[in-house]
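Encoded as structure tokens, the structure appears first; notes follow it.
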Amino acid sequence: MEIKCLAFDVDGTLTNDDKKIDDRTLHSIQLAMKQGIQIVICTGRNLKGCEFIYKKLNLESGNHYLSMINGQQIYSFQSKKTYHDSVFNKEDCFKIEQVAKKYHCLARFTCDNDAYFYGSLSNYIREIKRWMKRRNKKGSMVKGTKFNYHRIPFKNYEFDFPINKIVFFHNPDFFSIHLKDIQNDLNDCECMLVSDYWMEIMPKGVNKAHSLKKICELNGYTMENVMAFGDAQNDIKMLQEAGIGVAMGNALPEVKQIADIITDSNNDNGIGKVIDDIVLGNLVDETKDFV
């Protein structure tokens with residue numbers, strides 16, 4: 001099997017817990033790029049949230065891609081084109097709002113860099129405190145996002161823009177109990193746990209695997225030629241459908257269960273070790289000094 005594409009989730013996978021790419025991993029990816037291997041960043045982030053990654057990897061200089069908002073948007077650095085998949089309409093938003101109300105979740109309805117919130121004031125304040133602790137950290141998922149708090153139900157709120165992602169926030173104990181119930185209530189959506197307090201909701205059929213297939217088609221190869229790395233539920237379909245699916249050592253148990261390979265954690269060069277062993281072989285310089 002010839003690997004023509006390396007696809008990386010970002011948080012908990014490509015970046016360590018300090019939101020940085022390990023030097024050893026960076027070196028391995030750069031060597032793979034020199035061998036003509038295409039790089040695709042597959043993330044729930046938007047373009048602004050990906051900037052520190054694609055600039056670090058210098059993806060703008062080649063035929064590489066971003067798969068953003070869990071596959072809802074694809075951006076080609078070579079053609080400068082953006083491809084869009086399905087989005088939520090007003091009726092979808094109202095239905096999901098009712099599920100948020102049923103389970104007392106704080107819901108964030110996202111449109112590009114704007115976020116519209118539904119939920120109790122106490123839940124909103126709790127999340128604001130959590131965001132403020134992370135907001136100024138380089139690579140933070142909330143850095144650069146404008147938060148506009150609307151407490152008007154979508155049923156009565158007139159808007160003329162699409163919602164491309166919805167997030168439910170709650171305490172970790174809550175999702176360990178109610179995740180399956182929410183997924184059943186929203187079985188016509190893609191509902192995925194991204195962290196212990198954060199669940200992302202996408203239109204049915206919009207996921208990282210679907211966007212990767214589109215990128216494969218645009219470049220004349222198939223998913224069999226893709227090696228994909230991930231750690232959370234929104235990575236599962238991507239890992240299942242890739243030629244080689246790699247779960248990080250810190251991945252959720254259900255991600256490890258479906259993976260072809262389980263590597264070391266995001267804090268221990270898990271990506272670099274797999275690239276070195278399977279993709280690069282003896283091309284990697286083991287004598288290079290890394291800080």
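Residue numbers run from 1 in the order of the sequence given. Excluded from the calculations below are hydrogen atoms, water molecules and symmetry mates; all remaining heavy atoms, backbone and side chain alike, are included.
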Are Leu66 and Thr43 close enough, and set up right, to give a side-chain contact (heavy atoms from CB on, under 4.5 Å), and what steps lead you there?
CA-CA 8 Å; Leu66 299 175; Thr43 178; over 6 Å; no
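- Separating the NZ atom in Lys237 from the CD1 atom in Ile258 is a distance of 12.0 Å, to the nearest 0.5 Å.
- Put simply, the side chain of Asp18 never gets that close to the backbone of Lys20: no donor and acceptor are under 3.5 Å apart.
- Side-chain contact check for Asn171 versus Tyr197: every heavy-atom pair is 4.5 Å or farther apart.
- Side chains of Phe175 and Lys180 form no contact here, defined as non-hydrogen atoms less than 4.5 Å apart.
- No donor-acceptor contact under 3.5 angstrom links the side chains of Asn16 and Asp22, judged on distance only.
- Here the shortest heavy-atom pairing between Glu190 and Val206 reads CG-O, 3.6 Å.
- Environment of NZ in Lys273: crowded, with over 12 heavy atoms of neighbouring residues, nucleotides or ligands closer than 6.0 Å.
- Inter-residue side-chain proximity for Phe229 and Asp235 is flagged as unmet; no heavy-atom pair is nearer than 4.5 Å.
- Side-chain N or O atoms of Asn225 include one that pairs as donor or acceptor with a backbone N or O of Thr222 at under 3.5 Å.
- Between Asn219 and Asn63, the side chains place a donor N or O and an acceptor N or O closer than 3.5 Å (distance only, hydrogens not considered).
- Annotation: Lys56, atom NZ; neighbour count of heavy atoms from other residues, nucleotides and ligands within 6.0 Å does not exceed 12.
- Counting heavy-atom neighbours within 6.0 Å of Lys34 NZ, excluding the residue itself, gives a total of 12 or less.
- Using a 4.0 Å cut-off between a side-chain N of Lys or Arg and a carboxylate O of Asp or Glu, Glu51 and Lys48 qualify as a salt bridge.
- For Phe77 and Tyr75, the gap between ring centers is short of 6.0 Å.
- The number of heavy-atom neighbours closer than 6.0 Å to CD of Gln257, taken from other residues, nucleotides and ligands shown, is 12 or below.
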Run the side-chain contact (heavy atoms from CB on, under 4.5 Å) check on Val246 and Ile262 step by step: do they pass?
CA-CA 6 Å; Val246 184; Ile262 301 173; over 6 Å; no
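- When the side chains of ILVMFWY residues are joined at heavy-atom separations under 4.5 Å, either directly or via intervening members, Leu14 and Ile69 end up in a single hydrophobic cluster.
- Side-chain contact between Lys208 and Asp9 is present, with heavy atoms from C-beta onward closer than 4.5 Å.
- When the side chains of ILVMFWY residues are joined at heavy-atom separations under 4.5 Å, either directly or via intervening members, Val194 and Val255 end up in two distinct hydrophobic clusters.
- Residues Met202 and Met192 form a side-chain contact, since some pair of their non-hydrogen atoms from C-beta on lies under 4.5 Å apart.
- With hydrogens and angles left out, the side-chain atoms of Glu2 and Tyr221 include no donor and acceptor closer than 3.5 Å.
- Val87 and Ile166 fall into different hydrophobic clusters, where Ile, Leu, Val, Met, Phe, Trp and Tyr residues are linked whenever their side-chain heavy atoms come under 4.5 Å apart, directly or through other members.
- A donor-acceptor pair under 3.5 Å is absent between the side-chain atoms of Asp268 and the main chain of Gly270, judged by distance alone.
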side-chain contact (heavy atoms from CB on, under 4.5 Å) between Ile53 and Arg45, worked out:
CA-CA 11 Å; Ile53 290 293; Arg45 293 168 175 261; 5.9 Å; no
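- Here the straight-line distance linking atom CG of Asp11 with atom NZ of Lys19 works out to 3.5 Å at 0.5 Å rounding.
- Distance check: Gln35 CD to Ile275 CD1 gives 12.0 Å after rounding to the nearest 0.5 Å.
- Although no hydrogens or angles enter the test, the distance criterion places a donor-acceptor pair under 3.5 Å between the side chain of His170 and the main chain of His104.
- Annotation: side chain of Asp264 is not in contact with side chain of Asn269 (no heavy-atom distance under 4.5 Å).
- Interatomic distance, CG of Asn46 versus CD of Gln72, reported as 11.0 Å (0.5 Å rounding).
- Legend: ring pair (Phe, Tyr, Trp, His ring centres under 6.0 Å) pairs involving residues 247-281, not counting sequence neighbours: none detected.
- The two residues Cys189 and Ile96 make their nearest non-hydrogen contact at SG-CD1, 4.2 Å.
- Counting heavy atoms from C-beta on, the side chains of Ile39 and Tyr65 never come closer than 4.5 Å.
- The pair Arg24-Asp276 counts as a salt bridge, with a side-chain nitrogen and a carboxylate oxygen less than 4.0 angstrom apart.
- Applying the salt bridge (charged side-chain N to carboxylate O under 4.0 Å, His left out) criterion to Asp173, with sequence neighbours excluded, gives no partner residue.
- When every heavy atom of Asp85 is checked against every heavy atom of Gly205, the shortest pair comes out as OD2-O, 4.5 Å.
- Take Lys213 and apply the salt bridge (charged side-chain N to carboxylate O under 4.0 Å, His left out) test, not counting sequence neighbours, and it matches Glu241.
- A distance of 12.5 Å separates CG in Asp92 from CD in Glu97, rounded to the nearest 0.5 Å.
- Put simply, the side chain of Gln233 gets close to the backbone of Leu193: a donor and an acceptor are under 3.5 Å apart.
- Put simply, the side chain of Ser67 never gets that close to the backbone of Cys42: no donor and acceptor are under 3.5 Å apart.
- Closest approach of Lys95 and Asp185 over heavy atoms only: CE-O, 4.1 Å.
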side-chain contact (heavy atoms from CB on, under 4.5 Å) for Ile163 and Thr110? Distances and angles first, verdict last.
CA-CA 6 Å; Ile163 296 296; Thr110 304; 5.6 Å; no
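- Cluster membership for Leu252 and Trp198, using ILVMFWY side-chain heavy atoms within less than 4.5 angstrom, is not shared.
- In the hydrophobic clustering of this structure, Leu212 does not group with Met248; members are Ile, Leu, Val, Met, Phe, Trp, Tyr whose side-chain heavy atoms approach within less than 4.5 Å, directly or through other members.
- Tyr54 OH to Ser61 OG: the interatomic distance, rounded to the nearest 0.5 Å, is 13.0 Å.
- In plain terms, the two heavy atoms of Asn266 and Asn250 that are nearest each other are N-OD1, 2.9 Å.
- Closest heavy-atom contact between Leu6 and Ala32: CD1-CB, 3.8 Å.
- Here the side chains of Ile3 and Val226 are not in contact, with every heavy-atom distance at 4.5 Å or above.
- Between His178 and Phe174, the ring planes lie tilted relative to each other; the angle falls in the 30° to 60° range.
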